[in-house]
2 protein chains.
Amino acid sequence: MQKEDMILVSIDDHSIEPPDMYERHVPAKYRDLAPKVIRTPGGIDQWVFQGAATSTPFGMAATVGWPAEEWGRDPGTYTELRPGCFDLKARVDDMNANGVLASMCFPSMAGYNARTFAEAPDKQLSLIMLQAYNDWHIDEWCAGAPGRFIPIGMLPMWDPAIAAAEVRRLSAKGCPAVSFLEAPHAQGYPSLLSGHWDPLLEAVVETGTVLCLHIGGGMGLLKLPTEAPPDHSIILSTQIMTLVAQDLIFGGVLLKYPTLKIAFSEAGIGWIPFYLERADRHVKNQVWLHNDFGGKLPSDLFREHVLGCFITDPIGLKNRHEIGIDIIAWESDYPHTDTTWPESPELLWGELTDAGVTEEETHKITWQNACRFFGFDPFTTIAREDATVGALRARASAAHVDVTRMSKNEWRRRNEAAGIGVLSA
Amino acid sequence: MQKEDMILVSIDDHSIEPPDMYERHVPAKYRDLAPKVIRTPGGIDQWVFQGAATSTPFGMAATVGWPAEEWGRDPGTYTELRPGCFDLKARVDDMNANGVLASMCFPSMAGYNARTFAEAPDKQLSLIMLQAYNDWHIDEWCAGAPGRFIPIGMLPMWDPAIAAAEVRRLSAKGCPAVSFLEAPHAQGYPSLLSGHWDPLLEAVVETGTVLCLHIGGGMGLLKLPTEAPPDHSIILSTQIMTLVAQDLIFGGVLLKYPTLKIAFSEAGIGWIPFYLERADRHVKNQVWLHNDFGGKLPSDLFREHVLGCFITDPIGLKNRHEIGIDIIAWESDYPHTDTTWPESPELLWGELTDAGVTEEETHKITWQNACRFFGFDPFTTIAREDATVGALRARASAAHVDVTRMSKNEWRRRNEAAGIGVLSA
């Protein structure tokens, strides 16, 4: 097997919502109330909803086309972005250039967990727009490139019963996954242990939907020093997943819902063996606490319910058997700063080779585990021989996809000239 | 090499302070004001200081002699304890029975970081008692069994200048280590990044003293669900050390004090490779954040400054080279629930063997790294051939040390009959 023979399914990427997306999916009478992008006097493209700027700009989220010196948290304009961030055809070209067959895309303006809609005061209006987002994502973004995307829906976190209804609506539309806060109590909601989320969890289990917990939403669980540099929250974000695993296992959630499936999006995998060994040893040693997992250990429960995923993780790949070879998936994190685009195959292949991963294990890690977990058949539209890194890159090559990094200014010049990402008057 | 040939130096154990310890180390005029143990109407031995019960009883801290079903957090009486918890001669017998040559003992009643004295309102009195604790620990507990203990002093956390003076006093007495809060901001103090602790850090560096950060003090950094069972804080306590490492590295502490030495007491080691890989990748990838470690990576800084330590840690031993073979030490955690006493050699040897650890590496892990880090020569009093697990256990055998676990009631019966742990009238 060679690098070119890999098949890559990424279960964590991000779309930047196009400025005009809501108007095409909102009932006519609500169109004027839909989120809109305005150009601020400072020259920034800003999403506005219910009269306020949303807390989720897309600055740091869309650095993929730029040289690293230009990265940052500052919001910008659509024209500064590599078009693959928001334009479907350009995105598929970029996936081809990176050898990626299929991708699961979280939102940006809406927030990884629809935070924008949860923060806005009029929840009835929020629900309409959240559903418009979901419809755009499924019917336009994913359906527009058959076989290339695994849909993931957003939920109205403010009401578990309405969220449950949305899970059922999404499932009926063929959506196999929804995004859920890794630790709801980090954002002021009742915790996963509280029972508050039972209606939602029941709907998820009933429909076989996967709960995707994306890192970031739980940062409020950590009390960082007031002087902490920005590196702290970037580096420590994956550590929070140990707290989430603890809530799921020792908080009784996994015991209560034996078929619940949970993906730890962007959480890395190298931390898993230490946590599981410690949890198992705890249960065997601290018998006075009378933990009863029905004859199972915490590591058994974890492996029955969870799918881990990584961008780059040499120690995790070395310890793949202590993690569980069937619960590891891969992601590219396009278009964020941590993405390995457009050299994902080179970096991944190097790490797999260094760790001595076999061909059979490689297929599990790069696509089979993800496809099984999300019920996604990658070869319905594209034949297997056309789905490899080599075949997709040949396609990108034929289409002359240019992967050169360019400054924001250069992107702005080119995109404005081509009318890409320009706001309508 | 066989199990019996190991030499074991444990850098994290605990003494239970004997009830009469302060009266022998406090100036006469303060003797009446010293901490005292009273028997409560409920039959509990309770430490009282400055008119209030201290927040640090010894219940869960001293379960070593009991069957696991009797463990718990409840405070009890000295007579319920295995005498090795508080009696020096019995402790050395217990170390021999477990093949442990030397031990570093943190306090119990005083708190791992002298919390009892930091909480009491009269700080002048607290300082006198804290110094009495340190004198008892060094002059009586450690000096009473030459070659068997590595001293560790407690610091007055309420004043960095006074703490610095105590570091110098302790160093002059030959004490190579002090205990410090892993994350001061978890308990309302300024953080390690604040500059507040500079006088103390300067004294520590000047005297070559090791800062020992024991898990537990930083639990306040995690926002746990209100419904979390007690397992959460036990299992997650080691995770906090990633936050501490982050503060030390990205907060500038290690750069500012290039010779600072820090031991992560009871923190485990299996989490280290994932954290270091993530931190290194972050620095190489997120160049826009302009981290400058003088040409070094976070992993370099970590290995130059930190000593990790573990009780049981199969994945950490497997990944010893990704951690750093020179920064791993071992501990027995006597007399806590997590201790492996009296089968530490069996458990440790099994884990070393399973991980394929060589003889040279074994010596580094079980004693050489700890002795180098703390400047402790283990063979000044005891010849190397008398210092092995086999030799020490032969000594325990000759002294008929009984390691049978017994109920609290049985201990109470035996200890009361022998006058052990009985409060003076």
Side-chain angles (χ1 to χ4, degrees), chain A residues 63 68-72 183 185-186 190-194 220-232 234-236 238-239 242-243 246-247 250-252 268-279 281-283 285-289 291 312-316 318-319 322 337-338, chain B residues 63 68-72 183 185-186 190-194 220-232 234-236 238-239 242-243 246-247 250-252 268-275 277-279 281-283 285-289 291 298 312-316 318-319 322 337-338:
Chain A
T63 57
E69 306 83 57
E70 290 200 26
W71 297 357
H185 60 293
S191 83
L192 273 168
L193 292 72
S194 64
L221 295 190
L222 304 186
K223 182 178 174 182
L224 299 180
T226 49
E227 308 88 352
D231 315 271
H232 269 54
I234 301 176
I235 293 175
L236 296 173
T238 49
Q239 300 295 336
T242 56
L243 280 66
Q246 184 67 24
D247 287 352
F250 287 85
I269 57 172
W271 56 270
I272 295 174
F274 177 75
Y275 170 72
L276 291 183
E277 282 188 0
R278 187 166 170 85
R281 150 98 177 156
H282 169 84
V283 168
N285 185 51
Q286 306 278 3
V287 295
W288 64 284
L289 290 169
N291 278 294
T312 158
D313 205 322
I315 198 71
K318 179 184 174 188
N319 296 327
E322 284 84 359
T337 54
D338 270 336
Chain B
T63 57
E69 306 82 57
E70 290 199 25
W71 298 357
H185 60 293
S191 82
L192 273 168
L193 293 72
S194 64
L221 296 191
L222 303 186
K223 182 178 175 183
L224 299 180
T226 49
E227 309 88 352
D231 314 271
H232 269 55
I234 300 176
I235 292 175
L236 296 174
T238 50
Q239 300 295 337
T242 57
L243 280 67
Q246 184 68 23
D247 287 352
F250 288 85
I269 57 172
W271 56 271
I272 294 174
F274 176 75
Y275 169 73
E277 282 187 0
R278 187 166 170 85
R281 150 100 178 153
H282 169 84
V283 168
N285 185 50
Q286 306 278 3
V287 296
W288 63 285
L289 290 169
N291 278 293
T312 158
D313 206 321
I315 197 73
K318 179 184 174 189
N319 296 327
E322 284 84 359
T337 53
D338 269 335

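Just so we're on the same page: letters track the sequence lines, and every chain starts at 1. Heavy atoms only: backbone and side chains are in, while hydrogens, waters and symmetry mates are out.
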**Message:** Under a 4.5 Å cutoff for heavy-atom pairs, which residue among A:Ile269, A:Val283, A:Leu243 has the most contacts with chain B?
**Reply:** A:Leu243
**Request:** Of all the heavy-atom pairs spanning B:Lys223 and A:Gly220, show the shortest one and how long it is.
**Result:** CD-O, 4.1 Å
**Prompt:** Do B:Tyr275 and A:Gln239 have side-chain atoms, one donor and one acceptor, less than 3.5 Å apart?
**Reply:** no
**Message:** Heavy-atom pairs under 4.5 Å with chain B: which of A:Thr312, A:Leu192, A:Leu224, A:Asp247 has the most?
**Reply:** A:Asp247
**Request:** Measure across B:Ser194 and A:Glu227 and return the closest heavy-atom pair with its distance rounded to 0.1 Å.
**Result:** CB-OE2, 3.3 Å
**Heavy-atom contact with chain B under 4.5 Å, split by part of A:Glu322** = side chain
**Request:** Below 4.5 Å from any heavy atom of chain B, which atoms of A:His282 appear? Answer side chain, backbone, both or neither.
**Result:** side chain
**Message:** Counting heavy-atom pairs under 4.5 Å with chain A, which one of B:Ile235, B:Thr226, B:Asp338 comes out on top?
**Reply:** B:Ile235
**Request:** Name the region of A:Leu289, side chain, backbone, both or neither, that has any atom closer than 4.5 Å to a heavy atom of chain B.
**Result:** side chain
**Prompt:** Are the side chain of A:Asn285 and the backbone of A:Arg281 linked by a donor-acceptor contact shorter than 3.5 Å?
**Reply:** no
**Message:** If you count heavy-atom pairs within less than 4.5 Å of chain B, which of A:Leu236, A:Asp313, A:Leu222 leads?
**Reply:** A:Leu236
**Message:** If I measure from the heavy atoms of chain A, does B:Glu277 come under 4.5 Å with its side chain, its backbone, both, or neither?
**Reply:** side chain
**Item:** Among B:Pro314, B:Gly251, B:Pro190, residue most engaged with chain A (heavy-atom pairs, under 4.5 Å)
**Value:** B:Pro314
**Prompt:** Does any heavy atom of chain A fall under 4.5 Å from the side chain of B:His185, the backbone, both, or neither of them?
**Reply:** both
**Request:** Look up atom CD in A:Gln286 and atom CH2 in B:Trp71, then write down how far apart they are to the nearest 0.5 Å.
**Result:** 5.5 Å
**Prompt:** About how many Å separate CZ of B:Phe250 and CD1 of A:Ile234, when rounded to the nearest 0.5 Å?
**Reply:** 9.5 Å
**Message:** Between B:Trp271 and A:Thr242, is there a side-chain heavy-atom distance shorter than 4.5 Å?
**Reply:** no
**Item:** Top contributor to chain A contacts, counting heavy-atom pairs under 4.5 Å, from B:Asp231, B:Leu193, B:Leu221, B:Val287
**Value:** B:Asp231
**Item:** Residues B:Thr63, A:Trp288; criterion side-chain contact (heavy atoms from CB on, under 4.5 Å); working and verdict
**Value:** CA-CA 11 Å; B:Thr63 57; A:Trp288 64 284; over 6 Å; no
**Request:** Would you mind telling me which of A:Lys318, A:Glu70, A:Glu69 has the largest number of heavy-atom pairs within less than 4.5 Å of chain B?
**Result:** A:Lys318
**Residue B:Asn291 versus chain A: region with a heavy atom under 4.5 Å** = side chain
**Request:** Check B:Ile315 against A:Pro273 and note the closest heavy-atom contact, atom names and distance.
**Result:** CG1-CB, 3.6 Å
